[in-house]
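The model shown is predicted, which means the values in this text are computed figures rather than measured ones.
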Amino acid sequence: MNNEPRQNPYEVLGVEKDADARAIKKAYFERVRQNPPETHPEEFRRLREAYELLSDPEARQAFDASAAQQVDGPEAVNNAHLQEAINLFEAGDKDGGRKVLTTVLTEQPDFHDARLLLGRHFLFEGELPQALAEFDALLARAPDHWQGHLQRGWALVRQERLKEAADAFWRAGKHGPSEVAPRVALADCLEAMGQVADALKVLEQAQSLPGISRMDVLALKVRRIATMLEFGQDAEASKALERLDAELPEGADPELRRWTGGQLSSAAAHLFAQQKSTAANRLLGFGRRFNPESATEVAYPTRVTLDVDALPAATREWLHSEAERIGGWRVLTTWVMPAIGTLALASATAFLMAFIYFGISERDVSDWGWCAIFAAVSFGVTWAQARDLLRVMASPYGRFNTIHPLHLIQVAIDRITVWPLVHLQDLQLVNHQNNGVYQHTAMEMHFNGERTVLTVRGKEKAEALAQELIARRRRVLELLGRGMLDAESGVEHLPPALLARADKKGHVRAGNARSPWPGVFAAACVGVLLVGGAVWPQKQAAAAHAWSRVASRGDLGSMLEYLRGQPDPRFAPQIQARVDAELGKARAQLEARLDPGSAAAPSRAFFTSLLDAVSRTHNRRITVTWEAAAGRPTSPRDDPSELLLSAWRRTLDEALGLGVLVVDGGRGAPREGPPLFTLHVREGFQAGPPSQRVWSVKYEGLDVPVPPLELTADAADPRAVEVLFHAWVDRWHLPGAGDRRPLLLTASTLTQEVQP
């Protein structure tokens with residue numbers, strides 16, 4: 001509460017009583033520059049109060065009326081009473097001010113200025129019925145009092161009685177034929193009723209009022225343009241703006257041009273309040289032509305991200321003081337999480353390189369390609385994270401949020417995000433709980449359609465921050481509407497002109513800013529080079545491990561698999577020698593089991609050729625395929641395919657030893673490699689008494705000393721399969737040749753064998 005006597009605003013600003021609005025604004029800014037708020041707070045306060053009073057037409061008129069005191073006579077006494085009531089209201093003594101005015105009106109019911117002041121006081125306090133009663137009483141005594149009709153209209157608007165309010169504003173214009181305020185109020189009321197065309201017509205007609213000043217005409221034109229933009233008539237608004245620009249060319253009165261720019265800014269503030277940010281920015285951008293010197297009457301982007309190094313020194317100092325005040329850099333998560341992330345990535349990269357260098361598995365070209373890709377990604381990401389940690393450690397700011405006189409600012413290490421408060425359209429607080437325990441509050445805000453969320457610890461803190469944001473936005477729009485935003489303390493900390501430098505992505509980069517991508521690519525290249533350097537030593541280590549594994553196992557299959565692959569020249573001769581030794585044992589067993597005088601002795605050359613092929617090709621797989629007769633499906637009971645496989649396994653194991661050669665039906669294990677020798681057995685039938693069952697035996701893969709066969713047996717003989725295989729064994733002189741014991745071990749032969 002300020003109890004000091006009010007100073008004469010004209011004297012405070014140093015202007016004449018008949019000074020127009022632009023002269024008052026010019027004088028205000030000149031004195032503010034001489035008395036900035038940082039060094040002359042009290043003088044700045046007086047200047048601001050004086051400007052606020054004189055920039056409000058109604059407040060100025062009331063002051064002029066109360067100040068027009070005569071030295072003697074009843075008018076001087078009445079004006080003294082008015083001044084006394086005003087002083088009491090400003091001091092917060094509502095009852096005292098009302099008592100003074102009530103007493104005066106009791107004695108002088110026709111003292112209209114006193115009743116008007118009392119009604120305005122009730123209207124300001126929200127006591128609408130009392131305000132209407134006073135205005136009605138005034139109009140009952142003075143029906144042509146235009147100010148009474150005007151104030152009554154505002155009271156009706158507050159009660160949402162728009163049709164009656166429009167009638168009151170029309171009557172105010174009728175009884176004040178040269179007054180602009182009733183026309184503007186009527187236009188506002190018509191807009192609220194949805195009669196936009198009528199509102200535009202009223203504003204256009206008001207420009208032809210008798211005795212209207214050029215400044216009032218310009219103000220009405222700006223007001224009309226703002227209405228067009230507010231209701232989507234962009235094309236008409238563009239034409240009106242161009243006409244306004246042509247009416248005030250660059251060679252015109254510079255003060256008048258600046259004043260017009262201020263009117264455009266005031267209209268933009270109204271549009272911002274209506275959440276018409278695009279239209280408001282359009283007015284501000286156009287108004288920049290008229291008032292290029294203003295630091296705040298500019299188009300505001302919805303969001304801008306700035307590198308700290310792109311900020312002026314004064315702004316960086318202010319951010320540093322805010323960081324110290326809020327303690328942004330002291331928050332552990334500011335640097336602990338980047339440090340943990342860097343350590344984790346560095347450890348993962350080290351483990352990856354250890355695996356690449358010291359891994360013992362064999363790798364082909366595709367494996368090394370994937371290793372190079374993983375190393376490149378790992379090195380690049382680790383470098384980027386380490387760079388981020390260095391940025392964090394070097395930053396004097398850390399992470400915090402603060403409120404600038406014009407913006408919400410989010411500081412993140414070496415970059416700030418600026419959200420102009422003129423675009424704030426919605427703010428919601430959501431309290432998050434876990435098992436009924438409060439955790440934090442999410443402050444969700446929308447700036448001209450873009451969404452951002454702040455996490456605040458503490459309900460009271462979040463509510464206080466929300467209230468501060470709302471109050472600050474209200475103040476920004478109020479000062480912008482009055483043309484006083486340039487003089488707001490702290491505006492210079494973040495010049496709006498700096499925000500206008502943002503690129504299409506809304507980013508203002510520092511002149512010496514370096515892109516992180518060259519460093520990322522360089523780190524990735526280092527990772528690829530290190531992988532390339534690991535190829536030779538890892539291949540040597542993998543070969544040594546493969547050799548040691550094969551040597552420790554010592555089985556023929558593992559040694560042959562090693563030799564079929566890409567054997568290391570250092571170890572291949574030793575493995576080959578061990579293979580030949582194992583095959584030599586098979587040859588010795590062959591010599592021992594096939595007596596020179598036995599029926600199987602001639603097959604010694606066949607088995608020897610197989611062993612020689614194993615030593616040479618490093619394959620030991622024998623494949624036996626069976627093809628049944630076409631059109632005569634074989635029942636599972638009579639299918640000899642599996643019997644043939646079993647018989648050949650027994651035959652080879654008997655001749656060469658267990659597991660020297662592997663027999664399958666064409667679906668061998670991949671580790672055994674391709675077939676060394678393939679036997680194709682095809683069944684057929686010959687008609688005629690008696691019908692014959694025929695086996696055609698062919699082979700491929702090796703040139704062995706055995707002929708292809710065409711074997712026949714009586715098709716009606718239940719032992720035909722056994723007979724055919726016996727014939728095959730006899731013809732090739734295999735073990736079992738000349739012996740009549742069962743070789744295929746079918747169900748029929750086993751049954752006959754056990755019979756006495």
Checklist line | Least distance between heavy atoms, Pro516 atom then Arg387 atom | finding: CB-NH1, 3.7 Å

Notebook entry, point to check: Ignoring hydrogens and geometry, is there a side-chain-to-backbone donor-acceptor pair from Arg303 to Gly506 under 3.5 Å?
Noted result: no

Next item on the list: Side-chain contact test, heavy atoms from C-beta onward, threshold under 4.5 Å: evaluate it for Ile225 versus Phe286 and give yes or no.
Entry: no

Check: Phe272 and side chain to side chain contact (heavy atoms under 4.5 Å, CB included): which partner among Leu284, Leu424, Val476?
Finding: Leu284

Note to self: I need the minimum non-hydrogen distance between Gly481 and Ala269, along with the two atoms involved.
What the structure shows: N-CB, 3.6 Å

Check: Taking the side chain from Arg473 and the backbone from Pro420, do they hold a donor-acceptor pair closer than 3.5 Å?
Finding: no

Next item on the list: Determine whether Leu306 and Leu311 make a side-chain contact, defined as any pair of heavy atoms from C-beta on separated by less than 4.5 Å.
Entry: yes

Donor-acceptor list for residues 189-207 side chains, cut-off 3.5 Å, not counting sequence neighbours:
residue	atom	partner	partner atom	Å
Glu191	OE2	Arg223	NH1	3.3
Glu191	OE2	Arg223	NH2	3.4
Glu191	OE2	Thr227	OG1	2.8

Next item on the list: Report yes if some heavy atom in the side chain of Leu498 is under 4.5 Å from a heavy atom in the side chain of Val304; otherwise report no.
Entry: no

Next item on the list: Could you list the residues that satisfy ring-ring contact (aromatic ring centres under 6.0 Å, His included) with Phe379, not counting sequence neighbours?
Entry: none

Check: For Glu179, what residues pass the salt bridge (Lys or Arg N to Asp or Glu O under 4.0 Å) criterion, not counting sequence neighbours?
Finding: none

Check: How long is the gap from CG on Asn431 to CD on Glu463, to the nearest 0.5 Å?
Finding: 7.5 Å

With a cut-off of 3.5 Å and sequence neighbours excluded, list every side-chain donor-acceptor pair involving residues 451-459.
residue	atom	partner	partner atom	Å
Arg451	NE	Glu444	OE2	3.0
Arg457	NH1	Gln439	O	3.3

Next item on the list: Applying side chain to side chain contact (heavy atoms under 4.5 Å, CB included), name anything that partners Ser515, two or more places apart in sequence or on another chain.
Entry: Trp517, Pro518

Notebook entry, point to check: side chain to side chain donor-acceptor pair (under 3.5 Å) with Trp383: which residues, sequence neighbours excluded?
Noted result: none

Next item on the list: Give a yes or no answer on whether the side chain of Asn8 reaches the backbone of Tyr10 with a donor-acceptor pair at less than 3.5 Å.
Entry: yes

Next item on the list: Tell me yes or no: between the side chains of Thr302 and Glu450, is some donor less than 3.5 Å from an acceptor?
Entry: no

Note to self: Distance check, rounded to the nearest 0.5 Å: Glu324 atom CD versus Tyr397 atom OH?
What the structure shows: 11.0 Å

Margin query: Any non-hydrogen side-chain atom of Trp154 less than 4.5 Å from a side-chain atom of Gln151?
Written below: yes

Note to self: Side chains of Asn281 and Leu271, heavy atoms from C-beta outward: is any pair under 4.5 Å?
What the structure shows: no

Note to self: So, using ring-ring contact (aromatic ring centres under 6.0 Å, His included) as the criterion, who are the partners of Phe231 when residues are at least two apart?
What the structure shows: none

Next item on the list: Measure the shortest side-chain to side-chain distance between Val411 and Glu322 over non-hydrogen atoms and say whether it is less than 4.5 angstrom.
Entry: no

Next item on the list: Output the distance between atom NE2 (His440) and atom CD (Gln433), rounded to the nearest 0.5 Å.
Entry: 11.0 Å

Check: Which ring-ring contact (aromatic ring centres under 6.0 Å, His included) pairs, counting each pair once, include a residue from residues 445-473, with sequence neighbours left out?
Finding: Trp419-Phe447

Item checked: Test salt bridge (Lys or Arg N to Asp or Glu O under 4.0 Å) applied to Glu478 - qualifying residues, sequence neighbours left out -> Arg482

Check: Taking atom OG1 of Thr315 and atom CD1 of Ile416, what is their separation to the nearest 0.5 Å?
Finding: 7.5 Å

Next item on the list: Please check if atom CD in Glu160 has more than 12 non-hydrogen atoms from other residues, nucleotides or ligands closer than 6.0 Å.
Entry: no

Next item on the list: Compare every heavy atom of Ala181 with every heavy atom of Leu150, then report the nearest pair and how far apart it is.
Entry: CD2-CB, 4.1 Å

Item checked: Those residues that, when tested against Asp414, pass salt bridge (Lys or Arg N to Asp or Glu O under 4.0 Å) (two or more places apart) -> Arg391

Margin query: For Glu236, give me all partners under salt bridge (Lys or Arg N to Asp or Glu O under 4.0 Å), at least two apart in sequence or on another chain.
Written below: none

Check: So how far is it from Arg415 CZ to His507 NE2, rounded to the nearest 0.5 Å?
Finding: 4.0 Å

Item checked: Heavy-atom closest pair, residues Arg399 and Ala412 -> NH1-CB, 3.5 Å

Notebook entry, point to check: Who pairs with Val381 by side chain to side chain contact (heavy atoms under 4.5 Å, CB included), at least two apart in sequence or on another chain?
Noted result: Leu345, Val377

Margin query: With rounding to the nearest 0.5 angstrom, report the CD to CZ distance, Glu125 to Phe89.
Written below: 8.0 Å

Notebook entry, point to check: How are the rings of His404 and His407 set relative to one another: parallel (under 30°), tilted (30 to 60°) or perpendicular (over 60°)?
Noted result: parallel

Next item on the list: Going by the side chain to side chain contact (heavy atoms under 4.5 Å, CB included) test, name the single residue among Leu343, Ile413, Leu390, Asp388 that passes it with Pro338.
Entry: Asp388

Note to self: If you define the side chain from C-beta out and look only at heavy atoms, does anything of Trp318 sit under 4.5 Å from Thr402?
What the structure shows: yes

Notebook entry, point to check: Looking at side-chain heavy atoms only, is the closest gap between Ser294 and Arg288 below 4.5 Å?
Noted result: yes

Margin query: Looking at every non-hydrogen atom in both residues, tell me the closest pair between Met443 and Ala466 and how far apart they are.
Written below: CE-N, 3.8 Å

Item checked: Closest heavy-atom pair and its distance - Ala226, Ala267 -> CB-CB, 3.7 Å

Check: With distance as the sole test, does Arg289 use its side chain to make a donor-acceptor pair with the main-chain N or O of Arg257 at under 3.5 Å?
Finding: no

